[in-house]
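Worksheet: one structure, shown below.
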Amino acid sequence: MATTTTPGSHMAAVKPCISSSRRTYTSGTANFGTNSEVGVWRRLKSSSHISATQPFFQSFKSGHTKSVKAVTRAMSGADENSPLPGLPIDLRGKRAFIAGVADDHGYGWAIAKSLAAAGAEILVGTWVPALNIFESSLRRGKFDESRKLPDGSLMEITKVYPLDAVYDDPEDVPEDVKSNKRYLGSSNWTVKEVVESVKQDFGSIDILVHSLANGPEVTKPLLETSRYGYLAAISASSYSYVSLLKHFAPIINPGGASISLTYIASERIIPGYGGGMSSAKAALESDTRVLAFEAGRKHNIRVNTISAGPLRSRAAKAIGFIDMMIDYSSENAPLQKELSAEEVGNAAAFLSSPLASAITGTVLYVDNGLNAMGVGVDSPVFENLDIPKAAK
């Protein structure tokens, strides 16, 4: 959202960006005379959130009057039925269920925020043992800062459902889990029960997001992984998506979208990402293609997965080498910057929107281009090559 200037012109164009729930947009041109600069700035500032405000304001103070293009962010107050300018991501009137949100640091949270910023109603499914802490943090305002949307309002989560996607229905739950103190006090948390609850509460949804994975032996090399650990990784990280889509599909409105999260370890060797997790991600990507065909033909639902780069989330830190992976990505990816959760969230919002109405069965890489690399250019092998570096 950088500003650009054109010397010698006397007009400033304010162009709208992404849409969000009940938003107002200001667009057009303004003639800046030397005696009205501050007045125009105040009017613009009161109606739009303009990025790079300091350079924008300073352009008025320069010796020459310049044309300034400024990207605006969405502001509250627009009629839901009013036409939107440009090519916005508009999810107003849509309802999303995001499975796997337990804090405000991961990709699931970021996806929820981007969908909310585009106007969608947000429902989340939270792992049962983390439910109390998550709901308590929401109530006490601990997430308020990270709930802020581009227009300054706070993301609203309409309802939080307890969920353990490892179990399809109550008959699947072992007695030791039923009696576990971390599950006491919660009910209706198997996949089938959660879908029934959502149907009873809201009737239908439009967007399903699978943002959960677990491998109890993730730190073990594959050769040292037990059958239990391997199958547990597959169950929690890939079959859980099949189960969620299978049960949700009948209440996903035609034209809806379903998204999961994968990782480059599905197709490349990532030492340290073990315990069957690489196999689980490979299965998830294969299932994405098959589900795209089946859910597309039977329910008119699009199915895609996002291969996201490394993120310093709490879940990722459990692997133990996430900081090294982020450093490696920054050194070797075509775009030398740290990936933000928001960038993955925005990609998910696009895939969920009508703008992606012909996209299904795809793996969308959101990793600064690291997937395209065949070698690590930070290797001493390449020290004599003139490899370009990103400008600091």
Side-chain angles (χ1 to χ4, degrees), residues 18 20-21 49 73-74 76 89 91 94-165 182 186 189 194 198 205 207-214 236-237 240 244 259-263 306 308-320 322-323 325-326 337-352 366-367:
I18 187 171
S20 56
S21 178
H49 178 88
R73 292 175 183 257
S76 300
I89 294 178
L91 297 176
K94 305 296 184 182
R95 182 177 297 115
F97 183 93
I98 300 97
V101 179
D103 57 40
D104 63 341
H105 287 85
Y107 284 135
W109 178 270
I111 291 172
K113 281 185 66 176
S114 291
L115 295 177
E121 181 180 12
I122 304 300
L123 314 175
V124 302
T126 300
W127 188 45
V128 182
L131 181 67
N132 289 336
I133 294 176
F134 180 70
E135 289 190 314
S136 174
S137 296
L138 274 175
R139 287 193 303 269
R140 295 164 63 185
K142 287 190 173 183
F143 297 155
D144 282 0
E145 185 62 31
S146 57
R147 284 172 60 203
K148 284 185 179 179
L149 299 177
D151 68 350
S153 65
L154 299 183
M155 172 179 67
E156 295 294 337
I157 298 176
T158 302
K159 188 164 183 177
V160 179
Y161 292 86
L163 172 67
D164 193 328
R182 298 192 298 172
S186 295
W189 44 259
V194 169
V198 171
I205 65 170
I207 301 162
L208 173 65
V209 178
H210 177 273
S211 176
L212 52 90
N214 183 50
S237 308
S240 58
L244 280 166
I259 298 169
S260 63
L261 292 170
T262 185
Y263 183 47
I306 296 174
L311 176 74
R312 285 189 178 92
S313 65
R314 289 174 182 168
K317 288 178 181 178
I319 300 173
I322 188 64
D323 290 336
M325 290 304 301
I326 291 173
K337 64 182 182 63
E338 186 169 332
L339 183 70
S340 73
E342 181 183 10
E343 290 171 309
V344 173
N346 290 342
F350 163 71
L351 287 175
S352 302
V366 184
D367 62 356

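Just so it is clear, the model here is predicted, and its values are computed rather than measured. All residue numbers in this chain count up from 1 along the given sequence.
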Validation row: Leu261, Val344 side chains within 4.5 angstrom (heavy atoms): yes
From Arg182 atom CZ to Asn132 atom CG, the distance as rounded to the nearest 0.5 Å: 12.0 Å
Atom of Ala341, atom of Gly106 and distance for their closest heavy-atom approach: CB-O, 4.4 Å
Ring geometry between Phe134 and Phe143 (parallel below 30°, tilted from 30 to 60°, perpendicular above 60°): tilted
Pairwise distance CZ(Phe97) to CD1(Ile205) - rounded to 0.5 angstrom: 7.5 Å
Leu339 versus Ala308, closest heavy-atom pair with distance: CD2-C, 4.5 Å
Any side-chain heavy-atom pair of Ile157 and Arg147 under 4.5 Å: no
From CD1 (Ile98) to OG (Ser211), nearest 0.5 Å: 9.0 Å
Atom pair CD (Glu121) and CD (Glu156), whose distance is rounded to the nearest 0.5 Å: 10.5 Å
Interatomic distance, Ile111 atom CD1 to Ser114 atom OG [nearest 0.5 angstrom]: 8.0 Å
Expected output: side-chain Thr262 to main-chain Ile306 donor-acceptor under 3.5 Å: no
Residue pair Trp127 / Asp164, side-chain heavy-atom distance below 4.5 Å: yes
Distance, nearest 0.5 Å, that separates CD of Glu338 from CD of Glu343: 10.0 Å
Over 12 foreign heavy atoms within 6.0 Å of CG, Leu154: yes
Side chain to side chain donor-acceptor pair (under 3.5 Å) partners for Ser137, two or more places apart: none
pair Val198-Tyr161: side-chain heavy atoms closer than 4.5 Å: yes
Considering all heavy atoms, the nearest Leu115-Ala349 contact: CD2-CA, 3.8 Å
Minimum-distance pair of heavy atoms, taken over all atoms of Leu212 and Ala165: CD2-CB, 4.2 Å
Nearest heavy-atom neighbours spanning Leu131 and Ser186: CD2-OG, 3.9 Å
By side chain to side chain donor-acceptor pair (under 3.5 Å) - contacts of Lys142 (at least two apart): none
Main-chain N/O of Lys148 paired with Lys113 side-chain donor or acceptor, under 3.5 Å: yes
Check: Ala102 main-chain N/O paired with Thr126 side-chain donor or acceptor under 3.5 Å: no
Closest non-hydrogen atom pair, Ala112 against Ile122: O-CD1, 3.5 Å
